[in-house]
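Okay, so here's the structure we're looking at.
Within every chain, numbering begins at 1; the chains are lettered A, B, ... in the order of the sequence lines, protein sequences first and strands thereafter.
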Amino acid sequence: MATSTPTRDAYAPPPRGSQHKPVDARRQTWRSRLWRFDDKASPYAYIAPFFLVFGAFGLYPLLYTGWIAMHRVEMTGMDQMEWVGWENFDKILHDSEFWTAVSNTFLIGVISVVPQLLVALGLAHLLNYKLRASTFWRTVILTPYATSVASAALVFALVFRADGGLLNWALHFVGLGDTNWANGHWTSKIAIAVIVIWRWTGYNALIYLAAMQAVPSDLYEAASLDGASRWQQFRKVTIPSLRPTILFTIVISTIGSMQLFGEPLLLEGGTLGATGGNENQYETLSVYLYNYGWNLGHLGPAAAVAWAMLALLLIIAAVNWLIGRFVRKSAV
Amino acid sequence: MTITSPTKVSEPGLPARSVHRAPKKPSRFKPGAGQQLKGGPFAYVALAVIGIGSLLPLYWTLVAASHTQDEVLATTPPFLPGGRLFHNLDAAWTQAHLGKAIVNSVIVAGCITAATLFFCTLAGYAFAKMRFRGRGALMTGVILTLTIPPQLSVVPLFMMMADLGWGGNLESVIFPTLVSAFGVFFMRQYLMEALPYELIEAAKIDGANNFRIVLSVVLPVARPAMMVLGMLTFVQAWNDFFWPYLALNQQNPTLQVALGQLSASYTPDTSIVMAGALISTLPLLVVFVIFGKQIVGGIMSGAVKG
């Protein structure tokens, strides 16, 4: 990702050329003024759509969420907003279900992101070998990415079913008893993590593979001349070269895991989805927000949940930054 | 970082290959060891296992969609596709109004893809090749927006859409995603390398204004990247679930929303739900089989989760 710098100013006004001579002076200045305006305004005009759309449908609602969180707003009459101050925050912070959702989101995030990225790293290493039909392998491991959350969650709901589920059948086969996957506190989180891992491992592996192929081969050459084994090369050359990419995937996967919604909502189908299981054992923050706002119809507390998510995100970012600083310090 | 380079590197026939073939040298003295080594049987076995794991759930979708519910949930589930596929597809089609849902999904994903391509190419070009005040800061702003989850703004967004009269309509799903930060970043990365300044200057000297340059210089150069971005955007828009599920109503769903509603109905029939899942996945699988190589190359060159 090198930033290329132009060799010379590409946007200098056009040379006062001989071709333009016959045009009279007044017209010339008008044209060059128009030209200069075009040059000045065009870049802003080209980037404007992004900022307009983001401002209108991203930033403004994000800030407005804070205002709504201070009001009582019901789904049934959204034009009536009644000021209640911190009441909504008070409500959710004293709701044990909220804290269950926080810890569920966190735990599912950890047990899905960590194995996912480790497997992706190994997989990328495999794909980095010279292989027959390498494009075929890459496409195959990326196929889950083509599947929507909804279909993936529904297939895995079948796999993890207590009665007649594919997984329990397989476990029976090797002599293990039935597990009620969706009912258990850990098993339900594992089930959701498996859906996430299934969908995203191939994608992350390809990102790592791209970074691995950018590692200059003379680094490996030098390492092997020094007598480094394959494993040492992987640890001492590949991993350090991939550090920025790894950090990037950690950030993106963490943010992704904060948003898990379809997987828990559809794990059991029916009405259990909106509460994340009969004991909220797999309710994530997004599901909690949905349940408050769209199932129960209280938009005020739902907005408060959104701001709590923002706060959590900032905490995670701060922790990330601190860890990054610590790692950099100890590495030097 | 061009679109094509990552796939090229691994293609057989590179000069490095003959070096690896050289027999009876201690492997650690081979130049480039650790990278571009020939994969042994272990690599193929491991890839095959992971590959089967990747495809198995999709196969299971097909199997489950082609049997009755009782057969699927029997103590010993079926392993081969059965004969009820078309019956189940038909049932899913009528129960979940999938015809309308497919039309809606095509409209939504099509509009979002077209708009994203146009606006992201424009913005990517401006960030890659034009000089203007605040360029660096604005680009940082674009990248930062990638880290904001949509959850944070859905409540007011829902109210805004109702105010605009778009409540439950496709507009409420289309408009918030007309441009993507990922797309801007992706096009910028590509154009920085693929579009030489000389080309722009030549067009300027020929008297082209800025928009003319976009049309006749930038767009043709950007076409390969636009293909990839278009496919990635389409996949994402087609598969999007969270906001459409909140914004659209039962009578006017996209495919994914219809699928979610089908499974949330009182007595969902497993086989029919799986038939619906099959209908929603099949179009993209076909795209993957045809354009797999390009999509893989695109993800490897973009290296950003959208």
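- A distance of 4.5 Å separates OH in Y145(A) from CG in L232(B), rounded to the nearest 0.5 Å.
- Of the atoms belonging to M159(B), heavy atoms from both backbone and side chain fall under 4.5 Å from chain A.
- Aromatic rings from Y245(B) and W294(A) are positioned such that their centres are separated by 6.0 Å or more.
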Exercise for the section: Apply side-chain contact (heavy atoms from CB on, under 4.5 Å) to V53(A) and F119(B), showing your working. Expected result: CA-CA 11 Å; V53(A) 169; F119(B) 291 131; over 6 Å; no

Exercise for the section: Step by step, work out the side-chain contact (heavy atoms from CB on, under 4.5 Å) result for I255(A) and I148(B). Expected result: CA-CA 8 Å; I255(A) 294 168; I148(B) 303 175; over 6 Å; no

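- Here S153(B) is the residue among A162(B), A277(B), G53(B), S153(B) with the most heavy-atom pairs under 4.5 Å with chain A.
- Across all their heavy atoms, T139(A) and K293(B) have their closest contact at OG1-N, 4.4 Å.
- When side chains are defined from C-beta on, L158(A) counts as touching M274(B), because their heavy atoms get closer than 4.5 Å.
- Taking 4.5 Å as the limit, every side-chain heavy atom of V296(B) sits out of range of all side-chain heavy atoms of T135(A).
- Using modelled atom types, one side-chain atom of Y44(A) and one backbone atom of R133(B) make a donor-acceptor pair closer than 3.5 Å.
- Separation of the W169(A) and F79(B) ring centroids falls under the 6.0 Å cut-off.
- Proximity to chain A is absent for every atom of L278(B), based on heavy atoms less than 4.5 angstrom apart.
- Residues L123(A) and L47(B) are in side-chain contact: their nearest non-hydrogen atoms beyond the backbone lie under 4.5 Å apart.
- In terms of modelled atom types and a separation under 3.5 Å, the side chain of N239(B) and the main chain of A146(A) share a donor-acceptor contact.
- Both the backbone and the side chain of F50(A) come within less than 4.5 Å of a heavy atom in chain B.
- Contacts of L289(A) with chain B are made by side-chain atoms alone, with heavy-atom separations under 4.5 Å and no backbone atom involved.
- Residue contact with chain A, scored on non-hydrogen atoms closer than 4.5 Å, involves the backbone and the side chain of T147(B) alike.
- Residue A153(A): no heavy atom, backbone or side chain, is found under 4.5 Å from chain B.
- Contact tally against chain A (heavy-atom pairs below 4.5 Å) for A181(B), G51(B), G260(B), S280(B): the top residue is A181(B).
- At a 4.5 Å heavy-atom cutoff, the contact between A43(B) and chain A is made by backbone and side-chain atoms alike.
- If you tally non-hydrogen atom pairs under 4.5 Å between each of G58(A), A306(A), P61(A) and chain B, the highest count goes to P61(A).
- With a 4.5 Å cut-off on side-chain heavy atoms, Y46(A) and V214(B) count as touching.
- In this structure, the side chains of L55(B) and T143(A) come closer than 4.5 Å at one or more pairs of heavy atoms.
- Contacts between L209(A) and chain B at a heavy-atom distance below 4.5 Å involve backbone atoms as well as side-chain atoms.
- Looking at every heavy atom in both residues, I141(A) comes nearest to S54(B) through CA-OG, 3.9 Å.
- Looking at M258(A), there are no atoms closer than 4.5 Å to chain B (heavy atoms on both sides), in backbone or side chain.
- The CE atom of M160(B) sits 6.5 Å away from atom OH of Y60(A), with the distance rounded to the nearest 0.5 Å.
- Taking CZ of F248(A) as the reference point, atom CG of L146(B) lies at 7.0 Å (rounded to 0.5 Å).
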